[in-house]
Amino acid sequence: VWELLCLQGKKLLVGNIYLKLEYAKGTKDLLHMLEKAESLRAKHKCSGTILMGDFNARHFLWNDSTVNTYGLRLTDKLDWTQYAVHSAPGPSFVSSNGNSHIDF
């Protein structure tokens with residue numbers, strides 16, 4: 001889902017996503033969502049795009065202690081010249097079984 005946010009005279013495209021763990025088409029759906037964002041961003045002359053959510057993606061690049069399939073696919077497929085990952089300094093998921101950085 002994408003929303004247009006006007007803040008201090010600038011337009012931003014803001015989206016939220018949930019990728020179910022082990023959903024085979026998850027990364028493909030995410031990349032399709034980002035492609036849609038690019039066309040919306042151009043159409044509405046937005047100065048930036050913010051996507052946040054529960055990616056269920058684990059990778060060392062955002063301070064997780066391990067790597068999973070989503071994390072590998074995301075780091076492989078994401079255009080790093082266009083996007084950056086910002087995550088909290090601490091884990092975003094905490095349980096008695098362990099912690100992880102899957103939300104950003």
Side-chain angles (χ1 to χ4, degrees):
V1 175
W2 291 107
E3 294 291 330
L4 187 61
L5 173 68
C6 297
L7 183 66
Q8 298 178 342
K10 292 185 178 183
K11 292 180 185 176
L12 295 169
L13 198 58
V14 180
N16 192 2
I17 192 168
Y18 168 72
L19 293 179
K20 184 178 178 181
L21 188 60
E22 305 303 328
Y23 173 58
K25 293 182 4 181
T27 306
K28 184 177 179 180
D29 288 351
L30 169 62
L31 294 173
H32 177 72
M33 187 176 178
L34 289 173
E35 288 172 10
K36 178 69 174 173
E38 285 305 309
S39 66
L40 289 170
R41 183 176 158 185
K43 177 181 177 181
H44 296 289
K45 298 181 174 121
C46 297
S47 60
T49 303
I50 299 172
L51 176 63
M52 61 194 120
D54 182 348
F55 292 83
N56 278 306
R58 301 184 74 176
H59 201 282
F60 305 126
L61 288 177
W62 42 90
N63 301 316
D64 206 320
S65 60
T66 191
V67 175
N68 68 4
T69 302
Y70 276 164
L72 285 174
R73 287 184 187 150
L74 188 58
T75 57
D76 183 49
K77 301 290 184 185
L78 193 64
D79 182 351
W80 292 97
T81 64
Q82 297 291 320
Y83 299 102
V85 173
H86 295 277
S87 63
S92 60
F93 176 79
V94 179
S95 78
S96 58
N97 293 329
N99 306 327
S100 61
H101 296 255
I102 57 174
D103 311 304
F104 39 88

Donor-acceptor pairs under 3.5 angstrom involving side-chain atoms of residues 9-22: please list them, not counting sequence neighbours.
from  : atom 1 : to    : atom 2 : distance (Å)
Lys11 : NZ     : His44 : O      : 3.3

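- Using a distance-only test at 3.5 Å, with no hydrogens or angles considered, no donor-acceptor pair links the side chain of Asn56 to the main chain of Tyr70.
- Cluster partners of Val67 are Phe60, Leu72, counting Ile, Leu, Val, Met, Phe, Trp and Tyr whose side-chain heavy atoms approach within less than 4.5 Å, directly or via other members.
- Sorted by first then second residue, the ring pair (Phe, Tyr, Trp, His ring centres under 6.0 Å) pairs that include residues 71-91, not counting sequence neighbours, number zero.
- Annotation: side chain to side chain donor-acceptor pair (under 3.5 Å) contacts involving residues 27-37, sequence neighbours excluded, comprise Tyr23-Asp29.
- One finds the NE2 atom of His59 at 9.0 Å from the CG atom of Leu74 (value rounded to the nearest 0.5 Å).
- Scored by the ring pair (Phe, Tyr, Trp, His ring centres under 6.0 Å) test, Phe104 finds Phe55, Trp62 as partners (sequence neighbours excluded).
- Counting only heavy atoms from C-beta outward, the side chains of Cys46 and Leu40 never approach each other to under 4.5 Å.
- Other residues sharing the hydrophobic cluster of Ile102, ordered by chain and number and joined by side-chain separations under 4.5 Å: Phe93.
- Applying the side chain to side chain donor-acceptor pair (under 3.5 Å) rule to pairs touching residues 94-104 yields Ser92-Asp103, sequence neighbours excluded.
- Every residue was checked against the salt bridge (Lys or Arg N to Asp or Glu O under 4.0 Å) condition with Arg73, not counting sequence neighbours, and none meets it.
- The 12-atom threshold is not exceeded at CD of Glu3, counting heavy atoms of other residues, nucleotides or ligands nearer than 6.0 Å.
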With side-chain contact (heavy atoms from CB on, under 4.5 Å) as the test, would you mind laying out the steps for Val85 and Leu61 before giving the verdict? CA-CA 8 Å; Val85 173; Leu61 288 177; over 6 Å; no

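- For residues 75-90, the set of pairs meeting the salt bridge (Lys or Arg N to Asp or Glu O under 4.0 Å) definition, not counting sequence neighbours, is empty.
- In terms of the side chain to side chain donor-acceptor pair (under 3.5 Å) criterion, residue partners of Asp64 (sequence neighbours excluded) are, by chain and number, Arg58.
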